[in-house]
2 protein chains.
Amino acid sequence: MRRDSEFDPQDFLPYLLNQAAETLSLEFQRHYRGQYGMLRTEWRVLFHLGCYGEMTAKDICVRARLHKTKVSRAVAALQAKRLLTRRELERDRRHAVLQLTALGQRVFADLSRAAHAFDSKVRAAMTPDEAEILHRCLIRIAGFETAPRAG
Amino acid sequence: MRRDSEFDPQDFLPYLLNQAAETLSLEFQRHYRGQYGMLRTEWRVLFHLGCYGEMTAKDICVRARLHKTKVSRAVAALQAKRLLTRRELERDRRHAVLQLTALGQRVFADLSRAAHAFDSKVRAAMTPDEAEILHRCLIRIAGFETAPRAG
DNA sequence: AAATATTGGTTGTAAATGTAACTAACAAGC
DNA sequence: GCTTGTTAGTTACATTTACAACCAATATTT
C-alpha cells in the first residue's frame, strides 16, 4: 500500500468535510432515531418548525435547503406521529401552514436540549477561537447569508 | 414565521457541517459524475486507489470508512468501466488486490487535478490561518489520527 | 371569461443505500 | 481428519432518495 500521490484525501475539503459531517450526524442520529424513530429529514423539519415557529412546507424547503418531495414525505411522517398539524389557508388553499403539536413541541424541546449538549461536547474539543473560525468558515462554505437572523 | 428559540440550526454543528459538506460535494460532483458517470462511492474508491496505490477492498473499507457492500458495488462498477482490475492472491484467495488500469490512472490524474483546483478555489475564500484551523478542527471531528501519514 | 402559466404540494418509479444473510477460503480446536 | 470460528466479499431485500410526472389552486394573459 505505497504512497503514489502528493494529494491526500484528507487534504481534499469536500472529502474531509463529509467525513466530519458523517461522524457527527451518525452520532447524533441515535437521539432522534433511537428515541423517536425519526429520520434525518424529519428531525430537520421538526428542528426548523421548533426554532422558527409555524411555516409552510415551501418555507421549510427554502430555509432547510430540502427538496419539496423530501419535505412532503417528512411532513406526512411527522403528522402520522402526531408531532405536527397542517392548517390550510383560506386565502390560498395551496398553502398549508405547519405547526408543532404540544407533543411535537415536547419532542423538539427534548431534542433541542440534546442538540445543545452535543454541540457543547464537540466544541469542548477546541479553543473558543477555533470554534469561532470553524463556524465562520462553514457558514461561508455553505453559502449562508452573513446575517440571516436580520431577515 | 416568528422566532421561537434561541438555538439556531446554523449554530448546530452537525447541521452546519452537513450543509457545508453537501454544498461542496454537489459542486464537485459534476466532475466525476458529469464527465465520467461515476457515483460518489466510485470516485472515493478511485481516489484512494490513485492516492495510495493498489490495495484490497478491505483496505479501502478501513481507509475510506465505507461499508464493504458499498465498496463491493463501487469496485464492480469501476471494473465494468475498465478503470480497475482485480488480481487474486495465491496465498489467500479471499483477497483480491485492486489496481487502477492505465485508463483508470488517467481518469484519476484528471480528477485529481480538478480536485486540487477545486480545493484551492475553496481555500481562496479564507486566510491561510483560517484554512489551517478549519483543517485541524475537521480532522479532529472526523476522528482521524493526528499523524496518519506516518503509518 | 377562456386559455395558459405558475406555484405548492403529492405520487409513481427508478436508482442508491443499509442491513442481514449468505458463500468461499482460510484458521484453530479437538 | 472434522467441526467451529473468522475473514473477505457478494447477493438479496427492505428502506430511502432522486427525478419526473402529475394534480389542484391561483395568477396572468388575451
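In what follows, chains carry the letters A, B, and so on, assigned in the order in which the sequence lines appear, proteins first and then strands, with residues in each chain numbered from 1.
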Legend entry - Residues A:Asp59 and A:His48: side-chain donor-acceptor under 3.5 angstrom: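 Side-chain D/A pair, A:Asp59 to A:His48: absent.
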Inset, instruction - Verify the distance criterion only: is there a donor paired with an acceptor across the side chains of B:His135 and A:Asp11 at less than 3.5 Å? - result: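 Their side chains do contain a donor-acceptor pair, which is all the 3.5 Å distance test asks for.
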Legend entry - Atom-to-atom span, CG of B:Leu39 to C1' of D:dA18 - whole angstrom: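 Taking CG of B:Leu39 and C1' of D:dA18, I get 12 Å after rounding.
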Legend entry - A:Glu42 CD to D:dT17 C1', straight-line distance once rounded to whole Å: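 About 13 Å, once rounded to whole Å.
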[X]: side chain to side chain donor-acceptor pair (under 3.5 Å) partners, not counting sequence neighbours:
X	value
B:Thr69	B:His67
A:Arg86	none
B:Arg94	B:Asp92

Sidechain-backbone polar pair: [X] side chain, [Y] backbone, donor-acceptor under 3.5 Å:
X	Y	result
A:Thr101	A:Leu83	yes
A:Ser120	A:His116	yes
A:Gln19	B:Ala64	yes

Legend entry - Ring centers of A:Phe12, B:Phe47 separated by less than 6.0 Å: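 Ring centres of B:Phe47 and A:Phe12 closer than 6.0 Å.
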Inset, instruction - Assert yes or no for the condition that the ring centre distance of B:Tyr36 to B:Trp43 is strictly below 6.0 Å. - result: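 Ring-ring flag for B:Tyr36/B:Trp43: false, centres at least 6.0 Å apart.
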Legend entry - Members of residues 85-97 of chain B that approach DNA chain C, where some heavy atom sits under 4.0 Å away: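 By residue number: B:Arg91, B:Asp92, B:Arg93, B:Arg94.
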Legend entry - Sorted by number, the residues of residues 66-75 of chain A with heavy-atom contact under 4.0 Å to DNA chain C: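 Listed by number, they are A:Lys68, A:Thr69, A:Ser72, A:Arg73.
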Legend entry - Residues within residues 13-28 of chain A bordering DNA chain D, heavy-atom distance below 4.0 Å: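 Result for residues 13-28 of chain A: none.
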